[in-house]
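Let me begin by presenting the structure, written as structure tokens, before commenting on it.
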Amino acid sequence: MQLSYRSLFTDANNIEYSVVKTHGANCLCLQGDLKSLKRLKKSYLSSVYFYECAPENTFEALSVNQDVKNSISTALFAYRDCGFLSDYLKVVSKEQQYAAGKKLGRALSMIHSRPLLTKHQKKAALRHGTYLEHLALYMTDYPHFENDNFAIDAISMRYDKLKIYRSVMRYGSLKHDKVLMTRNDEVMLLPSYSYGPGDMCEDFASLEVESAGLYPVFCAGVIDGYFKSVVPSAFWMHFAMYSALYALWKCGQKAFKEPDKFSAMQTNFNRILKDFDRFTRPIPKWYTSDELREIRSNSLKLGL
């Protein structure tokens, strides 16, 4: 039997993503050591869950296995020929970036559309109750960013009134690096071992922290695609508060684990502060820019 193997990348948790092709099937393979089994099981379960909601944008889960003899854990998914969205965004026009964002927004809306079971709703509520713990962890353990008082004050002043905007099954740690594109320009979400019940705004806050600095037009497209260009006013306040929390928690966590990245995390934190005008406004500047209005208009004319 002929078999070909192509490595795609290895993530921060030493899980290798590769494409395995045989005469009868093409598979996306996630492989790690025995300690990776828990993450790989979650990746498998995420695809089982999301495939029912968005089969055109999710890799179908096939199996998850552990080979104790060879100290290997593996999860397999049905593969479609794809390229990295990050490579695509680097070379296309702003209008095409925006269109790709809209496609991801529509896919995200579909995976968020499935009603949560009661047990998952309870888990989402429990997760919401831990957010202040993440802020406390930043205050006590993580290195502090310059001008962090603007984010801390914004959260502290509004937290008592900040309820869950909408409970969903989050994709988790969403960013453009987690997305592939097919030959037909359809977006494909990689299996996620960060998925779980929570507030839908967290997926957008993750995009703000991880992707908006490089591709703000793409992120604007995600919001427009998700809400069909009619964004509820209540969403913006929740989005801003989650972005403030993620700026402290996620950037601080990375700076704590990898001290040599503190400067890069400070730069990212500064950018997020600027996006929300030091958290005095709920809508990021990149969403209301004149450039984006022109890109939206051009995209309509081009049928994107």
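Note: hydrogens, waters and symmetry copies are ignored here, and every other heavy atom, side chains too, is used.
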| query | Would R80 and E60 pass as an ion pair if we require N to O under 4.0 Å? | reply | no
| Has the side chain of T58 got a donor or acceptor atom that lies under 3.5 Å from a matching backbone atom of S47? | no
| message | Between E210 and K178, does any side-chain N to carboxylate O distance fall below 4.0 Å? | response | no
| task | Give the ring-plane orientation class for Y287 versus W236, where under 30° counts as parallel, over 60° as perpendicular and anything between as tilted. | result | tilted
| request: Taking H238 for its side chain and A234 for its backbone only, find out whether a donor-acceptor pair lies under 3.5 Å. | output: yes
| message | Within the 3.5 Å criterion, strictly below it, is a donor on D224 or Y98 matched to an acceptor on the partner's side chain? | response | yes
| Does the D33 side chain pair with the main chain of K35, one donor and one acceptor, at a distance under 3.5 Å? | yes
| request: Go through the steps to decide whether H144 and Y138 satisfy the test ring-ring contact (aromatic ring centres under 6.0 Å, His included), and finish with yes or no. | output: CA-CA 7 Å; H144 285 204; Y138 170 81; 4.8 Å; yes
| request: To the nearest 0.5 Å, tell me how far N270 CG sits from D275 CG. | output: 11.0 Å
| Is there a path of hydrophobic side-chain contacts, each under 4.5 Å between heavy atoms of I, L, V, M, F, W or Y residues, that connects L180 with V91? | yes
| task | For K103 and D185, indicate whether the former's side chain and the latter's backbone hold a donor-acceptor pair under 3.5 Å. | result | yes
| said: Working to the nearest 0.5 angstrom, can you tell me the gap between L104 CG and L189 CG? | reply: 6.0 Å
| query | Distance-only, no hydrogens or angles: does the T267 side chain make a donor-acceptor pair with backbone N or O of S263 under 3.5 Å? | reply | yes
| Would a distance-only check, ignoring hydrogens and angles, find a side-chain to backbone donor-acceptor pair under 3.5 Å from R278 to T280? | no
| said: For I111 versus C53, what's the shortest heavy-atom pair and its separation? | reply: CA-CB, 3.8 Å
| request: First locate atom OH of Y51, then atom OG of S46, and finally report the distance between them rounded to the nearest 0.5 Å. | output: 14.0 Å
| Aromatic centroids of F204 and F235 separated by under 6.0 Å | yes
| Side chains of D203 and Y226, donor plus acceptor under 3.5 Å | no
| said: Minimum heavy-atom separation for V217 and L292, please, with both atom names. | reply: CG1-CD1, 4.5 Å
| request: Provide the closest heavy-atom pair for M169 versus G196 in the form atom of the first, atom of the second, distance. | output: SD-C, 3.3 Å
| So if you build clusters from Ile, Leu, Val, Met, Phe, Trp, Tyr with side-chain heavy-atom gaps below 4.5 Å, do L76 and L30 land together? | no
| Stepwise salt bridge (Lys or Arg N to Asp or Glu O under 4.0 Å) test for R271 and E208 | CA-CA 10 Å; R271 189 267 306 165; E208 164 62 32; 2.7 Å; yes
| said: Pairing donors with acceptors under 3.5 angstrom, does anything connect the side chains of S86 and H176? | reply: no
| said: Looking at N268 and V209, would you say the former's side chain and the latter's main chain have a donor-acceptor pair under 3.5 Å? | reply: yes
| field | Inter-residue atom distance L37.CG - N65.CG, 0.5 Å rounding | value | 9.0 Å
| task | Classify the angle between the aromatic ring planes of Y79 and F59 as parallel (below 30°), tilted (30 to 60°) or perpendicular (above 60°). | result | parallel
| query | What do the steps show when you test D11 against R39 for salt bridge (Lys or Arg N to Asp or Glu O under 4.0 Å), and what is the final call? | reply | CA-CA 12 Å; D11 71 12; R39 286 191 172 93; over 6 Å; no
| F150/F279 under ring-ring contact (aromatic ring centres under 6.0 Å, His included): CA gap, chis, key distance, verdict | CA-CA 7 Å; F150 294 107; F279 291 104; 8.9 Å; no
| message | Has D199 got a side-chain atom pairing as donor or acceptor with C201's backbone, closer than 3.5 angstrom? | response | yes
| request: Could you work out the complete set of other residues in the hydrophobic cluster of L302, with links drawn between I, L, V, M, F, W and Y side chains under 4.5 Å apart? | output: L304
| Ring centers of Y165, F239 separated by less than 6.0 Å | no
| message | Parallel, tilted or perpendicular: which one describes the rings of F145 and F262, with boundaries at 30° and 60°? | response | parallel
| From OH (Y246) to CD1 (I272), nearest 0.5 Å | 12.0 Å
| request: Check the angle between the aromatic planes of Y195 and F50 and answer parallel, tilted or perpendicular using the 30° and 60° thresholds. | output: perpendicular
| query | Are L137 and L126 connected in the hydrophobic side-chain network, where two residues link if heavy atoms are under 4.5 Å apart? | reply | no
| query | Does E16 reach the main-chain N or O of S7 with its side chain, forming a donor-acceptor pair under 3.5 Å? | reply | no
| Is the closest side-chain donor-acceptor distance between S93 and Q96 under 3.5 Å? | yes
| query | Among the clusters formed by ILVMFWY side chains lying less than 4.5 Å apart, do M181 and Y17 turn up in the same one? | reply | yes
| task | Applying salt bridge (Lys or Arg N to Asp or Glu O under 4.0 Å), name anything that partners R127, two or more places apart in sequence or on another chain. | result | E202
| query | Is there a donor-acceptor contact under 3.5 Å from the side chain of S211 to the main chain of Y215? | reply | no
| message | Can you tell me how far apart CE (M139) and NE2 (H134) are? Round to the nearest 0.5 Å. | response | 15.5 Å
| message | Quick one, Y5 with S18, criterion side-chain contact (heavy atoms from CB on, under 4.5 Å). Give me CA distance, side-chain angles, the key distance, then yes/no. | response | CA-CA 7 Å; Y5 167 90; S18 59; 3.4 Å; yes
| query | Does the gap between the ring centers of F256 and Y142 come in under 6.0 Å? | reply | yes
| message | Applying a strict under-4.5 Å side-chain criterion to I, L, V, M, F, W and Y, I'd like to know whether Y49 and L108 cluster together. | response | yes
